[in-house]
Amino acid sequence: MKPALINAHAQQVLQAVQGTPASHGHTTDLAITRSWRRCLDQHQLDPASRRAPNVVEHPRLQDHRAPLENIISVAHWQMSSLHQQLGRDGHVVLLTDARGVAIDSVFNESERAVFQRSGLWLGSVWSEDCEGTNGVGTCLVEQQHVTIRRDEHFRGKHVGLTCSASPIFDASGELLAVLNLSSVRDDHGLQQHFQAMALTDLSAKLIESCFFLGHDPQRYLLRFHPEAGFVGLLGEGQLSFDESARICSVNQAALGLLGLSRDQVVGQSLSMLLETPIDQVMCHASSQPSVCWPMRLVDGRLLYGQLREPLRQVPSVTPAIPKINDVHVCLEDPRLQRSFVRALRVLERDVPVFLQGETGTGKEAFAAALHRASSRASQPFVAINCAAIPETLIESELFGYRGGSFTGARKDGMIGKLEQAHGGILFLDEIADMPLALQTRLLRVLEERQVVPLGGATARPLDVRLISASHQDLHACVAEGRFREDLFYRIAGFAVQLPPLRERSDKGRLLDLLLREEAAGARVRLEAGVRERLLAQPWPGNVRQLRTCLRTLVALALEGRVTLDDLAELLPAVPATVALAENPLGVSERQTLLTLIEAEHWHIAHVAARLGISRNTLYRKLRHHGISRPG
Ligand SMILES: Nc1ncnc2c1ncn2[C@@H]1O[C@H](COP(=O)(O)OP(=O)(O)OP(=O)(O)O)[C@@H](O)[C@H]1O
């Protein structure tokens with residue numbers, strides 16, 4: 001931002017606050033005028049100051065992050081989804097604590113420098129007393145959603161930004177964090193601003209709701225709404241209470257629906273609110289409530305509710321510190337380690353885990369590692385690739401069948417994969433590809449915890465811990481009507497984003513591990529420069545592609561030596577555009593596929609190996625691009 005522009009903006013701010021409206025009719029938004037006054041009178045800030053933002057450095061940043069670990073893990077996935085939904089570049093999503101310190105962020109890596117220049121990165125402090133009027137700081141003061149457009153910022157330095165910020169409250173109504181979306185684009189119309197505002201606010205509410213649902217698993221949780229169909233959705237009332245029916249916490253929507261203040265509700269007995277007797281309410285308590293039942297308030301109004309009973313205590317066999325060194329995969333990246341430890345904790349409490357990541361990032365390896373580290377390690381781990389089983393067979397594969405129930409069925413019937421996983425862990429890979437009709441059946445199985453084989457009459461109990469995965473954005477699948485929303489909520493209790501290989505800080509360790517595995521005891525030495533070259537590759541097919549590449553190098557190595565020439569022969573197999581593009585399988589994907597498929601004469605296994613992706617992924621991509629075998 002040029003000094004002259006900063007000074008001109010500062011002049012306009014001063015005129016507006018001192019009562020002389022600026023020539024171009026400056027803001028009439030009262031929240032902004034109030035904030036400008038605070039900046040001048042209370043914080044004594046200079047709108048023309050070009051001082052860089054305050055930044056909390058490591059390890060002090062850890063002190064800000066540690067108390068909010070739970071909300072960060074709930075929020076991160078939603079932040080990525082928000083960033084993705086906005087679709088284009090130029091946006092950064094920040095999560096700050098209640099003091100305005102950025103404790104998490106999501107942006108395109110290629111834009112890091114742009115956002116750093118604007119002060120939008122981990123540790124930067126965005127409270128009003130530091131940075132003047134801005135999304136985060138003003139939202140913290142107003143305690144409601146605010147949007148601060150370009151020259152509505154107090155400091156001229158920030159007029160290149162548009163920020164939408166929404167507060168996130170904890171279960172006792174205290175402001176816990178702020179979700180902020182900042183854009184450096186100047187070509188946005190009003191409609192895009194409204195879309196960004198609405199999405200930010202919706203995301204903050206979703207995070208708040210998820211946080212409430214998990215904040216106190218040892219209490220009863222009552223979810224309610226005057227319309228049965230709205231229970232389970234964003235506007236529902238949520239209220240937790242203890243064994244003696246004393247209300248412990250309540251969300252904002254519940255207060256609105258009840259027409260009461262927090263003080264009138266928290267600490268009271270549930271019987272003060274309900275005409276329906278408490279023992280009747282308690283009859284509906286279940287660990288996996290799925291049906292709504294009517295209850296009456298003392299003022300006669302009818303509500304519909306669902307009651308979740310306290311979640312069981314974690315079995316004592318659960319390791320206090322999960323056995324992360326014992327899982328036989330490389331998880332040296334601190335982000336991945338943290339995700340692993342947290343995923344294991346929630347899985348032990350029967351919360352379903354959902355893994356999202358690009359193809360080959362190691363979703364199945366991660367799930368299998370969770371199994372090995374869990375208290376069910378000696379029980380089965382059953383993996384099903386929902387994209388790989390033909391649609392006609394998937395039902396019998398999953399549910400099994402009784403002997404002779406259809407033509408071609410085995411005489412003695414077959415036990416389905418679901419039942420094979422009984423007592424252990426079920427891994428549903430590529431779940432977004434499951435046909436809709438089957439999603440309905442799966443949902444019923446998960447809710448009722450029993451399975452009926454095809455052609456069978458009796459239900460058999462099913463006790464499985466569930467991990468599912470997809471390379472697709474399930475939010476988008478739900479929005480497009482390809483994935484059931486209720487199933488989404490059932491399977492995505494805790495979401496883990498697996499980073500692509502190019503972003504992992506443990507790339508080197510992973511390379512060493514894979515090389516050892518591929519060498520299978522033989523001595524293999526990488527010549528100088530080979531390792532560096534391997535680590536610098538973008539690896540669109542992620543860990544799988546790296547493994548395939550190493551396997552080939554080991555096979556080619558003469559006297560156990562891998563040379564730069566060996567590597568050079570292999571790497572051009574992926575066209576240069578693929579290596580350079582930010583989304584390497586994006587723009588040039590179709591062309592890449594056509595070139596390789598022609599070169600390999602439609603040998604699918606060879607093409608998949610050259611790209612370092614699975615055959616299923618390749619088939620899916622061919623379908624997606626409408627590429628089919630000629631003749
Ligand atoms: N952390 C890891 N440590 C060691 N090997 C790994 C790790 N992650 C992935 N791999 C290896 O990479 C390959 C691909 O992993 P995996 O099949 O788990 O990926 P995926 O994300 O499930 O793939 P897809 O998207 O095709 O389903 C496997 O050979 C696996 O052993």
Side-chain angles (χ1 to χ4, degrees), residues 322-341 343-344 353-373 381-389 425-434 467-474 477 495-520 534-535 537 539-554 583-585 589 604-605 607-624:
K323 300 173 275 181
I324 195 155
N325 296 325
D326 212 17
V327 292
H328 310 302
V329 288
C330 176
L331 293 173
E332 303 284 329
D333 179 294
R335 251 192 320 166
L336 262 177
Q337 268 188 10
R338 186 170 163 273
S339 300
F340 184 83
V341 171
L344 186 55
V353 171
F354 174 66
L355 310 176
Q356 206 212 355
E358 291 176 12
T359 179
T361 41
K363 298 182 285 298
E364 180 161 354
F366 191 91
L370 281 174
H371 171 247
R372 284 193 290 275
F381 172 78
V382 177
I384 305 170
N385 187 328
C386 304
I389 311 175
I425 289 182
L426 176 67
F427 175 57
L428 294 177
D429 200 1
E430 297 302 359
I431 191 153
D433 291 312
M434 182 177 271
I467 307 176
S468 49
S470 176
H471 70 286
Q472 300 191 47
D473 176 2
L474 270 195
C477 297
V496 175
Q497 184 73 41
L498 294 190
L501 178 58
R502 59 188 171 277
E503 286 176 15
R504 283 178 64 161
S505 60
D506 61 347
K507 260 191 291 188
R509 300 278 193 103
L510 190 51
L511 191 154
D512 297 340
L513 174 82
L514 295 178
L515 187 61
R516 262 202 315 279
E517 285 180 7
E518 291 305 324
L534 284 167
L535 291 176
Q537 284 298 302
W539 300 117
N542 293 297
V543 192
R544 179 181 292 107
Q545 189 188 12
L546 175 61
R547 187 192 276 289
T548 312
C549 177
L550 291 173
R551 185 172 302 160
T552 316
L553 287 174
V554 168
N583 170 8
L585 288 182
E589 186 171 81
I604 293 295
V607 179
R610 284 183 70 175
L611 280 172
I613 59 179
S614 68
R615 279 187 299 170
N616 292 324
T617 307
L618 178 58
Y619 276 124
R620 207 175 41 238
K621 286 182 184 298
L622 293 177
R623 267 202 308 278
H624 174 74

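Just so you know, these numbers use all the heavy atoms, side chains as well, and skip hydrogens, waters and symmetry mates. Numbers for residues simply follow the sequence, beginning at 1. As the structure lists them, so they are numbered: ligands from 1, and atoms in each ligand from 1. Quantities reported herein were computed from a predicted structural model and do not represent experimental measurements.
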| Are F340 and V496 side-chain neighbours, meaning at least one heavy-atom pair lies under 4.5 Å? |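 Counting from C-beta outward, F340 and V496 never come under 4.5 Å.
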| query | Any side-chain heavy atom of Q472 sitting closer than 4.5 Å to one from D433? | reply |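 Result yes, sub-4.5 Å side-chain heavy-atom pair found.
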Give the atom numbers and elements of ligand 1 that come within less than 4.0 Å of a heavy atom of [X].
{"X": "L510", "value": "2 (C), 3 (N), 4 (C)"}
{"X": "T359", "value": "25 (O), 26 (O)"}
{"X": "S614", "value": "26 (O)"}
{"X": "V329", "value": "1 (N), 2 (C), 3 (N)"}
{"X": "E364", "value": "18 (O), 22 (O)"}
{"X": "C330", "value": "1 (N), 2 (C), 3 (N), 4 (C)"}
{"X": "T617", "value": "26 (O)"}
{"X": "T361", "value": "21 (O)"}

Taking [X] for its side chain and [Y] for its backbone only, find out whether a donor-acceptor pair lies under 3.5 Å.
{"X": "K363", "Y": "G357", "value": "yes"}
{"X": "T617", "Y": "I613", "value": "no"}
{"X": "W539", "Y": "L534", "value": "yes"}

| message | Does H471 form a side chain to side chain donor-acceptor pair (under 3.5 Å) with Q356? I'd like the steps, not just the answer. | response | CA-CA 6 Å; H471 70 286; Q356 206 212 355; over 6 Å; no
Provide, to 0.1 Å, the distance between [atom] and the closest protein heavy atom, together with that atom's residue and name.
{"atom": "atom 15 (O) of ligand 1", "result": "G362 CA, 3.7 Å"}
{"atom": "atom 20 (P) of ligand 1", "result": "K363 N, 3.4 Å"}
{"atom": "atom 27 (O) of ligand 1", "result": "D429 OD2, 3.2 Å"}
{"atom": "atom 31 (O) of ligand 1", "result": "R547 NH2, 3.0 Å"}
{"atom": "atom 13 (C) of ligand 1", "result": "R544 CA, 3.8 Å"}
{"atom": "atom 10 (N) of ligand 1", "result": "V543 CG1, 3.4 Å"}
{"atom": "atom 18 (O) of ligand 1", "result": "A365 N, 2.8 Å"}
{"atom": "atom 4 (C) of ligand 1", "result": "L513 CD2, 3.5 Å"}

| Hey, what's the ring geometry for F427 with F381, parallel, tilted or perpendicular (30° and 60° as the breaks)? |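 Rings of F427 and F381: parallel, as their planes differ by under 30°.
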| query | Can a donor-acceptor pair be found between the side chains of D333 and S505 at a distance below 3.5 Å? | reply |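 A pair is found: one side chain offers a donor N or O, the other an acceptor, under 3.5 Å apart.
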| task | Classify the side-chain pair E364/N385 by whether it contains a donor and acceptor separated by less than 3.5 Å. | result |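 Distance-only check fails for E364 and N385.
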| query | Does at least one non-hydrogen atom of L514 fall below 4.0 angstrom from an atom of ligand 1? | reply |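 The answer is yes: ligand 1 sits under 4.0 Å from a heavy atom of L514.
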| task | Using a strict 4.0 Å threshold on nitrogen-to-oxygen distance, state whether E358 and R502 make a salt bridge. | result |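 Salt bridge: yes.
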| query | How would you list all residue pairs meeting side-chain hydrogen bond (donor to acceptor under 3.5 Å, both in side chains) that involve residues 506-516, not counting sequence neighbours? | reply |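 Qualifying pairs, neighbours excluded: E332-R509, R504-D506, D512-R531.
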